[in-house]
Amino acid sequence: MAKLNFGGVEENVVTRSEFPLEKAREVLKNETIAVLGYGVQGPGQSLNLKDNGFNVIVGQRKGSKSWDKAVEDGWVPGETLFEIGEACEKATIIEFLLSDAGQIAAWPTVKEHLTAGKALYFSHGFGITYNDKTGIIPPADVDVIMVAPKGSGTSLRRLFLQGKGINSSYAIYQDATGKAYERVIALGVGVGSGYLFETTFKREVYSDLTGERGTLMGAIQGIFAAQYQVLRENGHTPSEAFNETVEELSQSLMPLIAENGMDWMYANCSTTAQRGALDWWKKFRDATLPVFQSLYESVKTGNEAQISIDSNSKPDYREKLNAELKELHESEMWRTGETVRALRPERSK
């Protein structure tokens, strides 16, 4: 483990050069890893682990679409694909990658098979941090660890296939065996992490829920919608409004920011853009800061967790979700986006 300085703050970071894949394989050579759930993170993590040479099986409810998807991806029923209970029984490490609501439902089954010395692995701190709401309280004689890739399972798999890695956080909630650190870092390397930075279950879920509702998804959609509306109300065409709001950001500027930082991007745009951006960014910060403060408090108090649990446990949740997603899809901005994406050069080749 190395201590790296980030803006004057030291953090514990583990890189693949100091904990290579060969070492990870050695640490886990006698372990059977059961990946429960084949939805968001399950496919990427399980396939990466398998391709990296680890002993992996998948646990999923038989007859579900996710079961069929696992079969399509090469997992063999009765050999590497099992019902959740059977996968838990066979495993020494249980990767609990079901949705938050799914974890609550499956917890009695998982807990039954958490015998002494096993490890319970998460990629999200929700179930443990809000265990007063989820009921997920592991026995004292198992390791409880987390590797949380900072991106979707799709991105994790795509970057892995490109020979790259996505950064992940890691945490140890409970070290019953004395092996929790080596286990969690080995798993982090095995699933394809770029580097691993230390956190806690609580810090991970607080930052994650804030980010999802904030700049990663909720805030950016709100800002997109507001700017698009203002441009359209002032006579700009849908194509022009979308290109100036979304397309230029996602296709041109975000890759530059990812590669070199915002300061570099500012320094390499027109002087008019520089001046405007420097004059206006603090106004947007000041306008949105109270919203982010309110959001973080809602996460910290458990209010967001309760809303999520209540909503996701309703029998008509999927129908309501689809209706909300349909509203987004059918908005003029995103229908315009569909047309714009189809006109990109690579689509016309």
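All residue numbers in this chain count up from 1 along the given sequence.
A salt bridge links R275 and D279; the closest N-O separation between the charged side-chain nitrogens and carboxylate oxygens is under 4.0 Å. Using a 4.0 Å cut-off between charged nitrogen and carboxylate oxygen, R183 and D143 count as a salt-bridge pair. Using a 4.0 Å cut-off between a side-chain N of Lys or Arg and a carboxylate O of Asp or Glu, R335 and E330 do not qualify as a salt bridge. Electrostatic pairing of K69 and D73 counts as a salt bridge here, judged by a charged N lying under 4.0 Å from a carboxylate O. We find that E26 and K23 are not joined by a salt bridge, their nearest charged nitrogen and carboxylate oxygen being 4.0 Å or further apart.
Under 3.5 Å, the side chains of S152 and S155 contain a donor-acceptor pair of N or O atoms. In this structure, a donor-acceptor pair under 3.5 Å is present between the side chains of T15 and S17. In this model, a donor atom of one side chain and an acceptor atom of the other lie less than 3.5 Å apart for Q41 and Q45. For the residue pair R25 / N52, no side-chain donor-acceptor distance below 3.5 Å is found, with atom types taken as modelled. One side chain, T245 or Q227, offers a donor N or O that lies under 3.5 Å from an acceptor on the other. Side-chain N/O atoms of Y228 and E332 include a donor and acceptor closer than 3.5 Å. Between the side chains of W334 and Q221, at least one donor-acceptor pair of N or O atoms lies under 3.5 Å. No side-chain donor-acceptor contact under 3.5 Å links S169 and T199.
For R61, the CZ atom is loosely surrounded, since the number of other residues' heavy atoms within 6.0 Å does not exceed 12. Taking a 6.0 Å sphere around CD of E233, one finds it holds more than 12 heavy atoms contributed by other residues, nucleotides or ligands. For K133, the NZ atom sits in a packed shell: over 12 heavy atoms of surrounding residues, nucleotides or ligands are nearer than 6.0 Å. No more than 12 heavy atoms of other residues, nucleotides or ligands lie within 6.0 Å of CZ in R318, so this atom counts as exposed by the packing criterion. For R158, the CZ atom is loosely surrounded, since the number of other residues' heavy atoms within 6.0 Å does not exceed 12.
Across every non-hydrogen atom of V191 and V147, the tightest pair is CG2-CG1, 4.3 Å. Here the shortest heavy-atom pairing between E204 and S123 reads OE2-O, 4.2 Å. Nearest heavy atom pair, residue S298 against residue E304, reads OG-OE2, 2.7 Å.
Side chain of S294 to backbone of P290: no donor-acceptor contact under 3.5 angstrom is found.
Under the 4.5 Å side-chain heavy-atom criterion for grouping Ile, Leu, Val, Met, Phe, Trp and Tyr, V184 is connected to V56 within one hydrophobic cluster. Under the 4.5 Å side-chain heavy-atom criterion for ILVMFWY residues, a single connected hydrophobic cluster contains both L253 and W264.
Side-chain contact check for W107 versus V110: some heavy-atom pair is nearer than 4.5 Å. You'll find the side chain of L249 reaches within 4.5 Å of the side chain of F224, heavy atoms only. Using a 4.5 Å heavy-atom threshold, the side chains of K283 and D286 count as separate. Residues Y38 and W75 meet the side-chain proximity criterion, which asks for heavy atoms closer than 4.5 Å. Counting heavy atoms from C-beta outward, L81 and W67 have side chains that approach closer than 4.5 Å. Counting heavy atoms from C-beta outward, E95 and L49 have side chains that approach closer than 4.5 Å. Between F82 and V58, the closest side-chain pair of non-hydrogen atoms is not below 4.5 Å. Between T336 and V246, the closest side-chain pair of non-hydrogen atoms is not below 4.5 Å.
No cation-pi contact links K300 to Y206, judged by a cut-off of 6.0 Å to the six-membered ring centre and 45° from its axis.
With rounding to the nearest 0.5 Å, the separation of OG1 in T80 from NZ in K50 is 6.5 Å. C88 contributes atom SG, which lies 13.0 Å from atom CD1 of I93 (distance to the nearest 0.5 angstrom). Here Y317 contributes atom OH and N312 contributes atom CG; the two are 4.5 Å apart, rounded to the nearest 0.5 Å. The CD1 atom of I136 lies 5.0 Å from the CD atom of Q103; values are rounded to the nearest 0.5 Å. Taken from CG in L321 to CD in E319, the straight-line distance is 9.5 Å, to the nearest 0.5 Å. Between the CG atom of L28 and the CG atom of N55 there is a distance of 10.0 Å, given to the nearest 0.5 Å.
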Set out, in order, the CA-CA distance, both residues' side-chain angles and the distance that settles side-chain contact (heavy atoms from CB on, under 4.5 Å) for V13 and L196, then state yes or no. CA-CA 6 Å; V13 169; L196 293 139; over 6 Å; no
Could you walk me through whether T339 and F242 pass the side-chain contact (heavy atoms from CB on, under 4.5 Å) test, one step at a time? CA-CA 10 Å; T339 302; F242 185 86; over 6 Å; no
Quick one: do D51 and R157 satisfy side-chain contact (heavy atoms from CB on, under 4.5 Å)? Show the steps, please. CA-CA 11 Å; D51 288 351; R157 181 62 176 166; 2.9 Å; yes
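Relative orientation of the F197 and Y195 rings is tilted, given thresholds of 30° and 60° on the angle between their planes.
The one candidate from I128, L36, I84 that meets the side-chain contact (heavy atoms from CB on, under 4.5 Å) condition with F96 is L36.
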